[in-house]
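Bear in mind the structure is a predicted one, so any value in this text is a computation, not a measurement. Order of the sequence lines fixes the chain letters, A, B, ..., with proteins taken first and strands second; residue numbering starts at 1 for each chain.
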2 protein chains.
Amino acid sequence: MGATKTEHFTDKQNAMATMLKAFGHPARVAIMEYLMNVDACICGDIVNELPLAQPTVSQHLKELKHAGLIKGSIEGNAICYCIDERAIDLLQSYFTNLANNLNHKNNSCC
Amino acid sequence: MGATKTEHFTDKQNAMATMLKAFGHPARVAIMEYLMNVDACICGDIVNELPLAQPTVSQHLKELKHAGLIKGSIEGNAICYCIDERAIDLLQSYFTNLANNLNHKNNSCC
DNA sequence: TTTTAATATTGCAATATTACGATAAATGAT
DNA sequence: ATCATTTATCGTAATATTGCAATATTAAAA
């Protein structure tokens, strides 16, 4: 016991949870924001921006990539990471839908 | 070692991470979606909807409330939970900004 | 007041995450 | 080939999360 019961939820719910969980760490929020603000996006730069050791940053990048939030391509000696727009679009439309639905019904029960 | 280094990140980044982390679990995604779809929102209903025991659901509700994603009010013998629109608005505008910024620059480096 | 129903808390075992030092792998330069 | 640089992986300790049975709390109902 202690393992998340993913099998009981829909694929969409699990997919959304995976992305949000990956995004739900301050270091990874910072990485995503950094990737949004720069054009060049090499791991070394990110390590210098963050108060974390290189292996830790590498691991965070791995998780972001695994969740589909970023993509990377080999750029000679370095690796170029950048945000995967498709994931951001998914998140944006998810929360836009949520917000719109909440506006339509005035749930004043609380 | 092992504890998240929140002190090295901005308050905004930590706040965003807290909300996203709370949202980043399939059971809690399911709870949020359920709360969006119904008008009445009593804890007992949620327990019946989910494949989890009552204490587990209660704990998830507690986390969602702690992160500011839902709010609850005492309704006699039961407790009425519903989504806190302010949190959804924050999330929506965060990802809308992200998406818009990505569209403006065509980051074709990956 | 006792009973009933609903939600919360406690305690604990299983699992997952976080962080980093040490080390490996890969590429470019000499 | 050797070296320097950059990123990834391994191993491990500390911490956090997950889930549930058992129990406590709370408030309406009888």
When rounded to whole Å, the CD1 to C1' distance for the pair A:Ile79 and C:dT27 reads 11 Å
Could you check how far CG of B:Asn14 sits from P of C:dT18, rounded to whole Å?
13 Å
Roughly how many Å is it from CD1 in A:Ile70 to C1' in D:dA8, rounded to a whole number?
14 Å
Below the 4.0 Å mark, does D:dT18 have OP1 or OP2 next to a side-chain nitrogen or oxygen of A:Thr4?
no
Take atom CZ of A:Arg28 and atom P of C:dA16, then tell me their distance rounded to the nearest Å.
15 Å
Are any of A:His60's side-chain N or O atoms less than 4.0 Å away from OP1 or OP2 of C:dA19?
yes
Given C:dT17, is OP1 or OP2 found less than 4.0 Å from the side-chain N or O atoms of B:Lys21?
no
In dot-bracket form, how is DNA chain D paired, counting a Watson-Crick or G-U wobble pair only if both its distances are under 3.5 Å and using | for bases paired to another strand?
||||||||||||||||||||||||||||||
Expressed as a whole number of angstroms, how long is the span from B:Leu61:CG to C:dA6:P?
16 Å
I would like to know whether B:Tyr34 and B:Asp45 meet side chain to side chain contact (heavy atoms under 4.5 Å, CB included); could you show each step before the answer?
CA-CA 10 Å; B:Tyr34 178 73; B:Asp45 301 352; 3.2 Å; yes
For B:Pro26 and A:Thr4, the nearest pair of non-hydrogen atoms, with its separation, is CG-CG2, 3.8 Å
From C:dA19, C:dA22, D:dA21, nucleotide with atom closest to A:Leu52 side chain
C:dA19
OP1 or OP2 of D:dT6 under 4.0 Å from side-chain N/O of A:Tyr81
no
Anything under 30° is parallel, anything over 60° is perpendicular, the rest tilted; go ahead and classify A:His25 against A:His60.
tilted
Rounded distance (Å) that lies between atom C1' of D:dT7 and atom CD1 of A:Ile31
14 Å
Rounded to whole Å, how long is the line connecting atom CD of A:Gln59 with atom P of C:dA16?
15 Å
Contact under 4.0 Å: B:His25 side-chain N or O vs C:dT15 OP1/OP2
no
Expected output: side-chain A:Ser93 to main-chain A:Asp89 donor-acceptor under 3.5 Å:
yes
For B:Thr6 and for A:Pro55, locate the closest nucleotide of DNA chain C by heavy-atom distance; then report the residue assigned to the nucleotide nearer the 5' terminus.
B:Thr6
B:Thr10: partners by side-chain hydrogen bond (donor to acceptor under 3.5 Å, both in side chains), with sequence neighbours left out
B:Gln13
Choose from C:dC20, C:dA8, C:dT7 the nucleotide whose nearest atom is closest to any side-chain atom of B:Ser58.
C:dA8
Does the side chain of B:Tyr81 come within less than 4.5 Å of B:Leu61's, by heavy atoms?
yes
Taking the side chain as everything from C-beta on, heavy atoms only, tell me whether A:Ile31 gets closer than 4.5 Å to A:Glu49.
no
Value in whole Å for how far the P atom of C:dA5 lies from CD of B:Gln54:
15 Å
